[in-house]
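The structure appears below as structure tokens.
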Amino acid sequence: MDLAQLDTGLPLTRQRTLHLYQGIRALMPPAQPARTQPIARLTDHLDEFDGLILDGYGVINIGAELVPGIDRFLEAVADRGLALAVLTNGASFPVSMAAEKYQKWGLPIAPEAVVSSREALQRRLYANPPGQKIVTLDRASQPLSPPASAGFTELRARSTAELAACLEQADAAVMLGAISWSEDDFEILAAAMRARPRPFWIANPDVSAPQPDGFSAEPGYWAIRLMQETGIKPDFLGKPYAPAFELGFEALQKQAGRALDRRRVAMVGDSLHTDILGGSAFGLQTVLLSGYGLLAGLDAGEVIAETGIAPDWLAAEL
Ligand SMILES: [Mg+2]
């Protein structure tokens, strides 16, 4: 892996996003072999599963729009008594916000079945030795506001100017989101990390997110930039990494009210490098939804061949 060779120029595109994911494959779980079965509609194959873990963005909704067929699909899932959970990498806000959004849309998704990389990060921080000062980067992300029992103090910069002072005191840095994160913020972070290397946790490993006007740079992108500039390897919590799947699978089994066989559970997502790679490494079946989200407009078969990340199922629609 030669990070210096990676083109981290902005703005991000679909192709550049895939290039960056491919560039850090050595950090990701290894791909598992699969014989991909192309199907038209996932709804017609629900007998194959006892439970499903859905990605949020790109499977349930894209921004303010629901993915076509999601209501009908969720009805069929409920009719068959399949357990259902949602596992999202979004970490800027508490997961209850996503759960409320699904309720508002009238989708039959239990609020406690929705989990995110933010909670995977919280779980990790709560397991740290007590007394640490943790700076949560990105001012637009909601603070973690840990209770006293969490054993760590959260530092927050209210401006780019305050960031250096926060980093000066911090034992570790965590990145929840990148909504307000800027090139100036990044330079301050890189300088502080070079001066005194410290643990750096990334809740959301996504490189980019599709937006109406292009692709936003997400924490996974900034993690690559920091690795390029300082050599510090962050710890990633969200998909494709195991902590997120442990949380998602726990939530799913709670919904089912029983232990589930991982081979009878599928991760359904629109991203090969997060949903599919991580789901199969965790021992789940995987369903790549090709018609929407990250791969929309690309030849999914070609991307699968190029990356060597193969889902068990390739579904054109829900
Ligand atoms: Mg997605």
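Just so you know, ligand 1 is whichever comes first in the structure, and atom 1 is the first atom listed for that ligand. We number each residue from 1, following the sequence as shown.
With 2.8 Å as the limit, Asn89 does not count as an N, O or S neighbour of the Mg ion (ligand 1).
A salt bridge links Arg123 with Glu250: at least one charged nitrogen is closer than 4.0 Å to a carboxylate oxygen.
Of all N/O/S atoms in Asp55, OD2 sits nearest the Mg ion (ligand 1). Sorting the N, O or S atoms of Asp270 by how far they are from the Mg ion (ligand 1) puts OD1 first.
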So Leu288 and Asp275, side-chain contact (heavy atoms from CB on, under 4.5 Å) or not? Walk me through it. CA-CA 8 Å; Leu288 180 70; Asp275 305 312; over 6 Å; no
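A side chain to side chain contact (heavy atoms under 4.5 Å, CB included) with Arg118 holds for exactly one of Thr88, Asn89, Leu176; it is Leu176.
Between Phe249 and Phe282, the two ring planes are perpendicular [angle over 60°; tilted spans 30° to 60°].
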